[in-house]
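A short write-up of the structure that comes next.
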Amino acid sequence: MVIAVVLTYFLVLLGVSRLVARGGENSNSSFFRAGRQSPWYMVAFGMVGASISGVTFVSVPGMVMHSGMTYLQTCMGFIVGYFVVAFVLLPVYYRLNLTSIYTVLKGTSDEAYKTGAMFFIVSKLLGSAAKFFVPCFIVSQAVGVNFYLTTIGLFALIWLYTRRGGIKTLVWTDTLQTLCMLTALVLIIYYVYGALFDFQFSIINLKECLAAIAQSDYSKVFEFEDWGSANNFFKCFVAGIFIVIVMTGLDQDMMQKNLTCKTLRDAQKDMCTYGFAFLPVNALFLGLGVMLTMLCAKEGVALPDKPDELLSMFALNGTLGYTVLILFTLGIIATSFSTVDSAITALTTSFCVDIMGRENDVAMRRKVHIGMTVAMIALTAMFNLVSSHSLIDTIYTLVSYTYGPLLGLFMYSLIDSPSRPLLKRGEQNEFVRGGGESVVCILSPLICFGLDTLVPRLTGYHFGYELLLINGLITYAGLRMLKIGNRRLKIEKFNMDFR
């Protein structure tokens, strides 16, 4: 049954891909930028599914077991972050008419430009592989097929429907996948609600269910008092802002679809629209988690040891029926395919444009697209050896370490770089010789790791997602110091030459 769902879903995506690519140019411009003809409302709707991965589908309901609904505090910060991206970063990207957003770093130095692109490639490979591990594992368990064969099979399906159209195809397939994800989520909530009330549907039962969720110990949203807690409101809210700035605004994967809109104004409407959508969508996921804890109590079933298993426990064992199993599989596949297909496309774009400098080489793009798919398969297989209490926390921790230097590089480029006046006029200058930017970007995550290890032991304070901001500030400070040091060296050299 699960295999039938996956194959049917893939055939639909492949059909959409062929329709979009038919009669169109098979050029890198179409693959990377979709000719900048995408309707903003389709990009906005599709981005909801692209931003919510299979990990979110599994992990967010289970988060209520350890932190209640406090994740909504971070989602509130997301909204502010999307407005910052829309009105600060998007204007720069559109003025420069970019294919890869890391071209902004050219004005700082060649070394900064290449370092930023490499940090994105490493970060995206790790994050996407970790996210796709969840659907690969669940599908392999559901169909009784070896995990590694399942992984290769699912990636092969993704490669088949993205290999020609690239980002142009993804704008359309993401719309379909978001619709499937939201439909699956709402129907799963409906079936869990039915199981709680023995499928006696009524307005009274619905009100009782909502009241029970509100009164549950797992429905706590705000944490204002405990400053040492990782769930403190102010820490979560500020972290949410910077998570979006970095994971969306400084991420080629997320920005590439937004840059396919016809105009800057369309891209800003798209960004703000789907930014608001994250709060209600994640509220549904967390509400589902509270309902599942209520179902555990009703059925006399112990809560699972791992939060990631809360939803899958009911979906995979047949307790809620085969319909929920199909919906669960559909939701996982839809969100995961939407996340990974765009990640592979963005990785291909960045490697061709930023690392190889061959934006118009179609043969190179095809080889890199295959190479990135193979690399993702290898990393996803490696995650089968790693276990964590919550994969979504693991991914955000990885992001805190690897995306922090990107935040610092962009801050320096937009505030202190020699190219700042050119960015305002929408121009690009030639490479500036680098001098130590890569060293700064490597040292910053190491310093953050040391802080994250020592500070809780010495003070009892636990870092949350704000570690991302600290990482970026350390990188920015290091680049400033590097600039001052290089300037002094130039002055000293000039004085010595003068003498």
(message) Let me confirm one number: the CG-OH distance from Leu250 to Tyr403, rounded to the nearest 0.5 Å.
(response) 9.0 Å
(request) Using modelled atom types only, decide if a donor and an acceptor are shared between the side chain of Thr380 and the backbone of Met376 within a distance under 3.5 Å. (result) yes
(request) Would you name the heavy atoms of Cys296 and Leu303 that are closest together and state the gap between them? (result) SG-CD2, 3.8 Å
(message) Keeping Ser219 on the side-chain end and Ile213 on the backbone end, is there a donor-acceptor pair under 3.5 Å?
(response) yes
(message) Tell me which pairs pass side-chain hydrogen bond (donor to acceptor under 3.5 Å, both in side chains) where either residue lies in residues 345-355, with sequence neighbours left out.
(response) Ser100-Asp354, Tyr113-Asp354, Gln256-Thr349, Ser350-Asp354
(request) Output the distance between atom OG (Ser438) and atom CG (Leu443), rounded to the nearest 0.5 Å. (result) 9.5 Å
(request) Nearest 0.5 Å please: distance from the CD1 atom of Ile152 over to the OG1 atom of Thr373. (result) 12.5 Å
(message) Ignoring hydrogens, what is the shortest heavy-atom contact between Met255 and Gly249? Give both atom names and the distance.
(response) CG-O, 3.6 Å
(message) If you define the side chain from C-beta out and look only at heavy atoms, does anything of Met254 sit under 4.5 Å from Met247?
(response) no
(request) Could you tell me whether the side chain of Thr293 reaches within less than 4.5 Å of the side chain of Leu310, counting heavy atoms only? (result) yes
(request) May I ask you to decide if Cys441's main-chain N or O and Thr475's side chain share a donor-acceptor pair within less than 3.5 Å? (result) no
(request) Evaluate the side-chain proximity of Phe132 to Ile158: yes if any heavy-atom separation is below 4.5 Å, no if none is. (result) yes
(message) When you measure from the side chain of Ser342 to the backbone of Asp253, do you find a donor-acceptor pair of N or O atoms at a distance under 3.5 Å?
(response) no
(request) Would you check if there is a donor-acceptor pair between the side chains of Thr402 and Ser123 at a distance under 3.5 Å? (result) yes
(request) Side-chain contact test, heavy atoms from C-beta onward, threshold under 4.5 Å: evaluate it for Phe233 versus Thr70 and give yes or no. (result) no
(message) Is it the case that the side chains of Tyr401 and Asp452 hold a donor-acceptor pair, with the cut-off being a distance below 3.5 Å and no angle test?
(response) yes
(message) With heavy-atom distances below 4.5 Å as the criterion, would you say the side chains of Tyr93 and Thr103 are in contact?
(response) no
(request) Can you see which heavy atom on Ser140 is nearest to which on Phe147, and at what distance? (result) CB-CA, 3.8 Å
(message) Please check this pair: side chain of Tyr218 against backbone of Met291, looking for a donor-acceptor N/O pair closer than 3.5 Å.
(response) no
In residues 268-287, what donor-acceptor pairs under 3.5 Å come from side-chain atoms, sequence neighbours left out?
from   : atom 1 : to     : atom 2 : distance (Å)
Gln268 : NE2    : Ala86  : O      : 2.9
Asp270 : OD1    : Ala44  : N      : 3.3
Thr273 : OG1    : Lys269 : O      : 2.6
Asn282 : ND2    : Phe278 : O      : 2.9

(request) May I ask you to decide if Phe45's main-chain N or O and Thr178's side chain share a donor-acceptor pair within less than 3.5 Å? (result) yes
(request) Only one of Thr260, Asp266, Asn258 passes side-chain hydrogen bond (donor to acceptor under 3.5 Å, both in side chains) with Ser38; say which it is. (result) Thr260
(message) Counting C-beta onward and ignoring hydrogens, is there a side-chain heavy-atom pair between Ile344 and Phe155 closer than 4.5 Å?
(response) yes
(request) Taking all heavy atoms of Val104 and all of Leu414, pick out the closest pair and write down the distance. (result) CG1-CD2, 4.2 Å
(request) Decide if atom CZ of Phe87 counts as having more than 12 heavy atoms of other residues, nucleotides or ligands within a radius under 6.0 Å. (result) yes
(request) State the CD1-CG distance between Ile101 and Leu96, to the nearest 0.5 angstrom. (result) 11.5 Å
(request) Say whether, by atom type as modelled, one donor and one acceptor occur between the side chain of Lys114 and the main chain of Ile355 under 3.5 angstrom. (result) yes
(request) Of all the heavy-atom pairs spanning Leu311 and Ile188, show the shortest one and how long it is. (result) CD1-CG2, 4.3 Å
(message) Within this structure, what is the CE-NZ distance for the pair Met372 and Lys124, rounded to the nearest 0.5 Å?
(response) 12.5 Å
(request) Find out whether Thr248 and Tyr82 are in side-chain contact, i.e. whether some heavy atom of one side chain is under 4.5 Å from a heavy atom of the other. (result) yes
(request) Taking all heavy atoms of Leu264 and all of Pro91, pick out the closest pair and write down the distance. (result) CD1-N, 3.8 Å
(request) For the pair Gln73 (side chain) and Phe234 (backbone), establish whether a donor and an acceptor sit closer than 3.5 Å, ignoring hydrogens and angles. (result) no
(message) With a 6.0 Å cut-off (strictly less than), is the heavy-atom count around CZ of Phe237, excluding the residue itself, greater than 12?
(response) yes
(message) Can you tell me how far apart CG (Leu90) and CZ (Arg95) are? Round to the nearest 0.5 Å.
(response) 11.0 Å
(request) Output yes when a side-chain donor or acceptor of Gln252 lies under 3.5 Å from a complementary backbone atom of Tyr102, and no otherwise. (result) no
(message) What I'd like to find out is whether the side chain of Val88 reaches to under 4.5 Å of the side chain of Ile245, using heavy atoms alone.
(response) no
